[in-house]
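Structure first, commentary second.
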Amino acid sequence: MLIMGVDPGIAISGYGIISNEQSNCYVVEYGVIRTPPKLAMPYRLQQIHEGYLELIQKYKPDVVAVEELFFNKNAKTIISVGQARGVAVLAAALSKIEVFEYTPLQVKQAVVGYGRADKQQVQQMIKTSFNLEELPKPDDAADALAVALCHMNSYKLRNIMDGRGF
């Protein structure tokens, strides 16, 4: 199974692609899609959408796992992140790929074992889980890998509970 994790953002949108073959999980690719701050919002969204479509066409993931929005006190930020999240989900939907959504709490719980873990703890667990030589950077890419890993763990758990094994 090939899973693409998405950590949505308007300036920096993270992605992480992992594979789980015969109970062997590894990182295929990770990185970010960046948009210039001076570019008008519609064109930033277009760049994010095209970036995700390109990744989907290149890697052909079986599923896309997206982090749900976490509302902080800045309403303007939540709206722009929501728009970026929407174009990422749209790219998956247009490609006929099923989308799964996880809250930041669920992701941290699945990856670190503690729902209030900080970014450094998440990065360290991603490094350890995938046997990477260094911490995945930037944070957005590490978070996207964490979302993908969260889905893989959730998928395995559902299969065990359904009696299908891994």
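Nothing fancy with the numbering, it's 1 onward along the sequence. Bear in mind that the values here come from a model prediction, so they are computed numbers and not experimental data. Values below: all heavy atoms of this structure, side chains included; hydrogens, waters and symmetry mates excluded.
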Taken in chain and number order and not counting sequence neighbours, the residues that satisfy side-chain contact (heavy atoms from CB on, under 4.5 Å) with I56 are M4, P61, A91, A92, S95, I97
Members other than L94 in its cluster, when Ile, Leu, Val, Met, Phe, Trp, Tyr link by side-chain heavy atoms under 4.5 Å?
L90
Minimum heavy-atom separation for A146 and V122, please, with both atom names.
CB-CG1, 3.8 Å
Would L2 and N20 satisfy side-chain contact (heavy atoms from CB on, under 4.5 Å), going step by step from the backbone distance to the final call?
CA-CA 7 Å; L2 203 61; N20 183 33; over 6 Å; no
I18 versus C25, closest heavy-atom pair with distance
CD1-SG, 4.1 Å
Any link between L145 and V63 through a network of hydrophobic side chains (Ile, Leu, Val, Met, Phe, Trp, Tyr) touching at under 4.5 Å?
yes
In short, side chain to side chain donor-acceptor pair (under 3.5 Å) pairs touching residues 104-118 with sequence neighbours left out are T103-Q106
Set of residues satisfying side-chain contact (heavy atoms from CB on, under 4.5 Å) with respect to E21, sequence neighbours excluded:
S19, Y26
Is any side-chain heavy atom of Y52 closer than 4.5 Å to one of V6?
yes
Go through the structure and list residues passing side-chain hydrogen bond (donor to acceptor under 3.5 Å, both in side chains) with Y59, not counting sequence neighbours.
E29
Looking at CG of L45 and CD of Q83, how far apart are the two atoms once the value is rounded to the nearest 0.5 Å?
5.5 Å
Can you confirm whether I33 sits close enough to Y15 that some side-chain heavy atom of one is under 4.5 Å from a side-chain heavy atom of the other?
yes
Note: P8 and S13 closest approach over all heavy atoms is CA-OG, 3.7 Å
Can you tell me how far CE of M152 sits from CE of M1, rounded to the nearest 0.5 angstrom?
10.0 Å
Got a sec, which residues hit side-chain hydrogen bond (donor to acceptor under 3.5 Å, both in side chains) with E50, two or more places apart in sequence or on another chain?
Q46
Residues which pass side-chain hydrogen bond (donor to acceptor under 3.5 Å, both in side chains) with K119, listed by chain and number, not counting sequence neighbours
D143
In one Ile/Leu/Val/Met/Phe/Trp/Tyr side-chain cluster, 4.5 Å: V87, L53
no
Remaining members of hydrophobic cluster (4.5 Å side-chain criterion), L39:
Y43
If you group Ile, Leu, Val, Met, Phe, Trp and Tyr whenever their side-chain heavy atoms sit less than 4.5 Å apart, what else falls in with I12?
V32
Same apolar cluster (I L V M F W Y, side chains within < 4.5 Å links), I3/F100
yes
Take atom CD of E54 as the centre, draw a 6.0 Å sphere, and report whether it contains more than 12 heavy atoms from other residues, nucleotides or ligands.
no
Shared ILVMFWY cluster between V27 and V147, side chains joined below 4.5 angstrom?
yes
With a 4.5 Å cut-off on side-chain heavy atoms, are I78 and L69 touching?
yes
Using every non-hydrogen atom in the two residues, find where G9 and A84 come nearest and quote the distance to one decimal.
O-CB, 3.3 Å
Any donor-acceptor pair under 3.5 Å linking the side chain of S80 with the backbone of T77?
yes
Which side-chain N or O atoms in residues 127-141 pair as donor and acceptor under 3.5 Å with protein atoms at least two apart or in another chain?
{"residue": "T128", "atom": "OG1", "partner": "Q124", "partner atom": "O", "Å": "3.0"}
{"residue": "S129", "atom": "OG", "partner": "M125", "partner atom": "O", "Å": "2.7"}
{"residue": "D139", "atom": "OD1", "partner": "Q123", "partner atom": "NE2", "Å": "3.1"}

Do L149 and I17 sit in one hydrophobic cluster, given that two such residues count as connected whenever their side-chain heavy atoms are within less than 4.5 Å of each other, even indirectly?
no
Residues two or more places apart in sequence or in another chain: which of them pass side-chain hydrogen bond (donor to acceptor under 3.5 Å, both in side chains) with Q47?
none
Under the salt bridge (Lys or Arg N to Asp or Glu O under 4.0 Å) test, residues paired with E101 that sit two or more places apart
R85
Compare every heavy atom of H151 with every heavy atom of A65, then report the nearest pair and how far apart it is.
CB-CB, 3.7 Å
